Protein chains: 2
Amino acid sequence: MTTRDPRAPGLAALAGLIADGTRAACLLALLDGRAWTAGELARHAGVAASTLSEHLSRLVAGGLLAEERQGRHRYVRLADARVAQLVEDLAAQVAPGAAVRPRTLRAASAGSAMARGRTCYDHLAGRLGIAVTDALTERGLLRQDTGFALTDAGVEWFGRAGIALDRTGRRPLARGCLDWTERRPHLAGVAGAALCRHVLEVGWCVRVGSERAVVVTAAGERGLGALLGLSVEGLR
Amino acid sequence: MTTRDPRAPGLAALAGLIADGTRAACLLALLDGRAWTAGELARHAGVAASTLSEHLSRLVAGGLLAEERQGRHRYVRLADARVAQLVEDLAAQVAPGAAVRPRTLRAASAGSAMARGRTCYDHLAGRLGIAVTDALTERGLLRQDTGFALTDAGVEWFGRAGIALDRTGRRPLARGCLDWTERRPHLAGVAGAALCRHVLEVGWCVRVGSERAVVVTAAGERGLGALLGLSVEGLR
DNA sequence: CGGACACTTCGGCGCCCACCGAAGCGTGCG
DNA sequence: CGCACGCTTCGGTGGGCGCCGAAGTGTCCG
């Protein structure tokens, strides 16, 4: 032990939190941005409640999860957008072509709903997310060719659309998040989150089922068409 | 085990590769972008050669490292820029204020040389990296306020400076890399790598010692001043 | 107040893995 | 050719950790 980087133990500890199949499954599930109860996660992961309880304690202690106790329930969610980004990045690195074929009709239909549109932590992903990102790019509101940033016209566009962009925090206004099914970047960051929140608030998209799939409504088809010239062909 | 995400095992396996103090120390050391021999890394990490040999084999098998055998030496380096970015992101997440005070004068002087200027995988970091990034931003060549991307003027500037930007690959042209000592983003991606290679090639910067510290030369002071209006006050 | 329920704590089991030293290659040098 | 050197393979050891079920704590509801 001579000149070892002092960050090594911390780095190993952080990776160690993710380096377990059960904890990894929890983190991936929590990528939907919502809060889950300990029991839900235990059933999802297929382990005893006691086992999962210990996993959650470690993840919370490590700063990856935030918890909120309500009565006899323990709700957990990802601590913040940085953690979500980290898990997403790691997941994108692994298995660039991890196409897993669904076995049942129900799974196939849920899978295609997920492929059409879903949320990724707090922004839109799937074909819907790509379509929105592409539309923004084509209209000169977002540029991806020299990095990933909104243009001045893009910032204006958010203002005109009545979507507030909080520029006080440290989170970047725009960043690309690599899509799992489409393998192309879609809009994340403050702008991605604000856009996703907006379309859900005004009813242009609604969540379906208990999964993180979302679908475009009739109002959304009109609204997105008018705002972005977006055609939702193949998205409904 | 019911609806567990199929990516969970892969994610856990990837994190598991990093979730060991010795392997983490190797990855951090390799962030300098150069190839190390197995023996160098063993001494650096303070473990037996046999132990390190097994670690290297796992990291290579996991795709994090690339190896090259030369005679009786085994050289390893980070597999590509994506891996470097991943390790850097993880290290940035851990201990946002991991200020470790150097104990010896030699370490203090080496530390301050590192803080002045160093390479981070294949681009410039430290105060030098920040200064260059800031200069690019002030001159309207790079914008960080709405994301992180070169402007059209920025792309032109690289062309005029005779620094070729390879836009064929998948690597983004520009991206921000959070600096360890400065805690601010500096230019990474294709443009960051090209710029770093250029300043080393034309002798505007030189590496000092066997570490990854770099210093600006007299020619570099003139060149960077002319090209970016950069004053190297406090960088030499 | 008592029972159902969600979660936690505890003891115990078994596996995995980081580590070492010794022995075994293969390369390069004198 | 023989020795030095860098790396690898192999057996063995110890510690850490994921898992479970049983028992315990706290909450909600009738």
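Small disclaimer: the values here were computed from a predicted structure and weren't measured. Lettering follows sequence order; numbering is per chain, from 1.
- Among the atoms of the strands shown, base atoms are found under 4.0 Å from some heavy atom of B:A49.
- Here the P atom of nucleotide C:dA18 and the CD1 atom of B:I18 are 13 Å apart, to the nearest Å.
- In this pair, B:H186 and B:H123 present their aromatic rings tilted. The plane angle is within the 30 to 60° band.
- Within 4.0 Å (heavy atoms only), B:S57 reaches no atom of the nucleic acid at all.
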Got a list of protein N/O to nucleotides 12-17 of chain C N/O distances below 3.5 Å?
none

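- Checked against B:L78 for a side-chain contact (heavy atoms from CB on, under 4.5 Å), the options B:L59, B:L86, B:L65 give a single hit: B:L65.
- Rounded to a whole Å, the NE2 atom of A:H73 is 17 Å from the P atom of C:dA4.
- Here A:D5 pairs with A:R7 in a salt bridge; the nearest charged N to carboxylate O distance falls below 4.0 Å.
- A:R4 and B:T22 are linked by a side-chain donor-acceptor pair at a separation below 3.5 angstrom, with hydrogens and angles left out of the test.
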Please write out the pairs of protein N or O atoms and N or O atoms of nucleotides 21-23 of chain C separated by less than 3.5 Å, giving the distance to one decimal.
{"residue": "C:dG21", "atom": "O6", "partner": "B:S50", "partner atom": "OG", "Å": "3.0"}

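- Considering B:D179, B:V215, B:V208 in turn, B:D179 is the only one that fulfils the side-chain contact (heavy atoms from CB on, under 4.5 Å) rule with B:R118.
- In this structure, B:R74 does not reach the D:dG6 phosphate: none of its side-chain N or O atoms is under 4.0 Å from OP1 or OP2.
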Distances under 3.5 Å between nitrogen or oxygen atoms of protein and nucleotides 24-30 of chain C:
{"residue": "C:dT27", "atom": "O2", "partner": "B:R72", "partner atom": "NH1", "Å": "3.3"}

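- Here the P atom of nucleotide C:dC7 and the NE2 atom of A:H55 are 15 Å apart, to the nearest Å.
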